[in-house]
Novice: 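Take a look at this one; I'll ask things after.
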Protein chains: 2
Amino acid sequence: MQKLDSIIAGLRKDGYRITPQRVAILDYILSSESHPSAEELHEFIKKKHPMVSLATVYKTLELLKEKNLVRELKFAGGARYDANVARHVNLVCVSCGRIEDMEHSLLEQLESDVARKSKYSVLGSKFELYGYCSQCQKEKLPR
Amino acid sequence: MQKLDSIIAGLRKDGYRITPQRVAILDYILSSESHPSAEELHEFIKKKHPMVSLATVYKTLELLKEKNLVRELKFAGGARYDANVARHVNLVCVSCGRIEDMEHSLLEQLESDVARKSKYSVLGSKFELYGYCSQCQKEKLPR
DNA sequence: ATCTATGCAAACATTTTGCAGGCTG
DNA sequence: CAGCCTGCAAAATGTTTGCATAGAT
């Protein structure tokens, strides 16, 4: 995967060491659509790399956050990680827990307009929408 | 304060008991602009009501969340509570930590448009914008 | 008088940290 | 082969829970 390769090249150029653990974590989070938690990441990665510790997962995620390669989303029950760092809406299903991404042109407009009015120098933004996904709506009454 | 009174009346009507602890917590959070954490709430309330425990603060906040009287915002370092449950932008200063509210008409438009496109049945949304507030920008280079 | 809400302390879940040794560059 | 990175275990943090009792209705 080329995105993985270019990220690895970038980290190496910055002097970071490329360990199998880091590659495995990066590989999984980049290919995942599911916004995994640290625990889920760890469980999945252990299948192929049994020696990866949860502490290393956290340390790697910390690095990736700093490098702006992943974004941390805080929820009840812990953080989830999103490798999509472009501006987008997070659609959170409160029934099944899935999180979908969606792009929307109004987002940029809203962000720049709020930045101008508030006089904030803006680093980033987050828009989350909570509700029932179409599938959970069908599967009888959500609760 | 009339808002406090009407909330208290509502809780009483629902069969909840109106204790001094609950009144103190409600009173503070309603009048606060600062989106306090549970710990900050507790510290402040102890000044006038030394016998209020942190556990009660949490239990009361839980009740108020369920009743949709406050909104919980998850951040690094813990949750913060916002008594403004109307649709608004949260402006988060990453330097001084303050959180300001701002209304914006695009927010409703964006929410309904995303709801339509995604086929989610929407319960609510959250828009947070991170950056340096105008004051922190002035106080020399932010870091 | 009833039964909910409180305070305390212990339990819990998640994330962070310190350190000795291993592996990358 | 120098020093960053890892795994382990312990610690730290933030939040929740169980229980006996105080207190609201």
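Letters go in sequence order (proteins before strands), and every chain restarts at 1.
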Novice: Measure from the side chain of I18(A), starting at C-beta and using heavy atoms only, and say which of dT25(D), dG25(C), dC8(D) lies closest.
Specialist: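 From the listed options, dG25(C) comes nearest.
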
Novice: Below 4.5 Å, heavy atoms only, C-beta onward: do F127(B) and K126(A) meet side chain to side chain?
Specialist: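 Side-chain contact under 4.5 Å: no.
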
Novice: In this structure, how many angstroms lie between the P atom of dG25(C) and the CZ atom of R17(A), rounded?
Specialist: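 Roughly 7 Å, once rounded to whole Å.
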
Novice: Side-chain donor or acceptor of K59(B) under 3.5 Å from a matching atom on the base of dG18(D)?
Specialist: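 By the distance-only test, yes, there is a pair.
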
Novice: Can you check the L63(A) CG to dT17(C) P distance for me, whole Å?
Specialist: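 Rounding to the nearest Å, CG of L63(A) and P of dT17(C) are 15 Å apart.
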
Novice: Does T19(A) place a side-chain N or O at less than 4.0 Å from the phosphate oxygens OP1/OP2 of dT6(D)?
Specialist: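 So the side-chain polar atoms of T19(A) do come within 4.0 Å of the phosphate oxygens OP1 or OP2 of dT6(D), strictly under.
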
Novice: DNA chain D: Y16(B) or E72(B), which has the more 5' nearest nucleotide?
Specialist: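 Looking at the nearest nucleotide for each, E72(B) comes out on the 5' side.
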
Novice: Base, sugar-phosphate, or nothing: which does G77(A) touch, judged by heavy atoms less than 4.0 Å apart?
Specialist: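 G77(A): backbone/sugar contact only, no base atoms under 4.0 Å.
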
Novice: Round to a whole Å and report the spacing from CG of L11(B) to C1' of dA5(C).
Specialist: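 Whole-Å distance recorded here is 13 Å.
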
Novice: Do the side-chain N and O atoms of E111(A) and S125(A) include a donor-acceptor pair separated by under 3.5 angstrom?
Specialist: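 Yes, S125(A) and E111(A) have a side-chain donor paired with an acceptor closer than 3.5 Å.
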
Novice: Rounding to a whole Å, what distance do you find between R12(A):CZ and dG25(C):P?
Specialist: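 It works out to 5 Å between those atoms.
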
Novice: Calculate the interatomic distance between L54(B) atom CG and dA10(C) atom P; express it in whole Å.
Specialist: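 Checked: the CG to P distance equals 16 Å.
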
Novice: Does P20(B) reach a base, just sugar-phosphate, or nothing at all? Heavy atoms under 4.0 Å.
Specialist: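 Sugar-phosphate only.
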
Novice: Please evaluate residues Y120(A) and C93(B) with respect to the criterion side-chain contact (heavy atoms from CB on, under 4.5 Å), reporting the C-alpha separation (whole Å), side-chain torsions for both, the decisive distance (0.1 Å), and the verdict.
Specialist: CA-CA 8 Å; Y120(A) 267 55; C93(B) 180; 4.0 Å; yes

Novice: In whole Å, what is the span from the CD atom of Q21(A) to the P atom of dG22(C)?
Specialist: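 Those two atoms, CD and P, are 14 Å apart.
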
Novice: Over how many whole Å does the gap from D14(B) atom CG to dT25(D) atom P extend?
Specialist: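 It works out to 14 Å between those atoms.
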
Novice: Evaluate the ring planes of F44(B) and Y28(B), with Trp represented by its six-membered ring, and classify them as parallel (under 30°), tilted (30 to 60°) or perpendicular (over 60°).
Specialist: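 Correct class here is parallel.
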
Novice: Atom CG of L73(A) to atom C1' of dT15(C): distance rounded to whole Å?
Specialist: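 So the CG-C1' distance, L73(A) to dT15(C), works out to 16 Å.
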
Novice: Are OP1 or OP2 of dT15(D) and a side-chain N or O of Y58(B) less than 4.0 angstrom apart?
Specialist: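 True: Y58(B) side-chain N/O within range (under 4.0 Å) of dT15(D) OP1/OP2.
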
Novice: Side chains of H35(B) and D101(B): donor-acceptor distance under 3.5 Å anywhere?
Specialist: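 A pair is found: one side chain offers a donor N or O, the other an acceptor, under 3.5 Å apart.
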
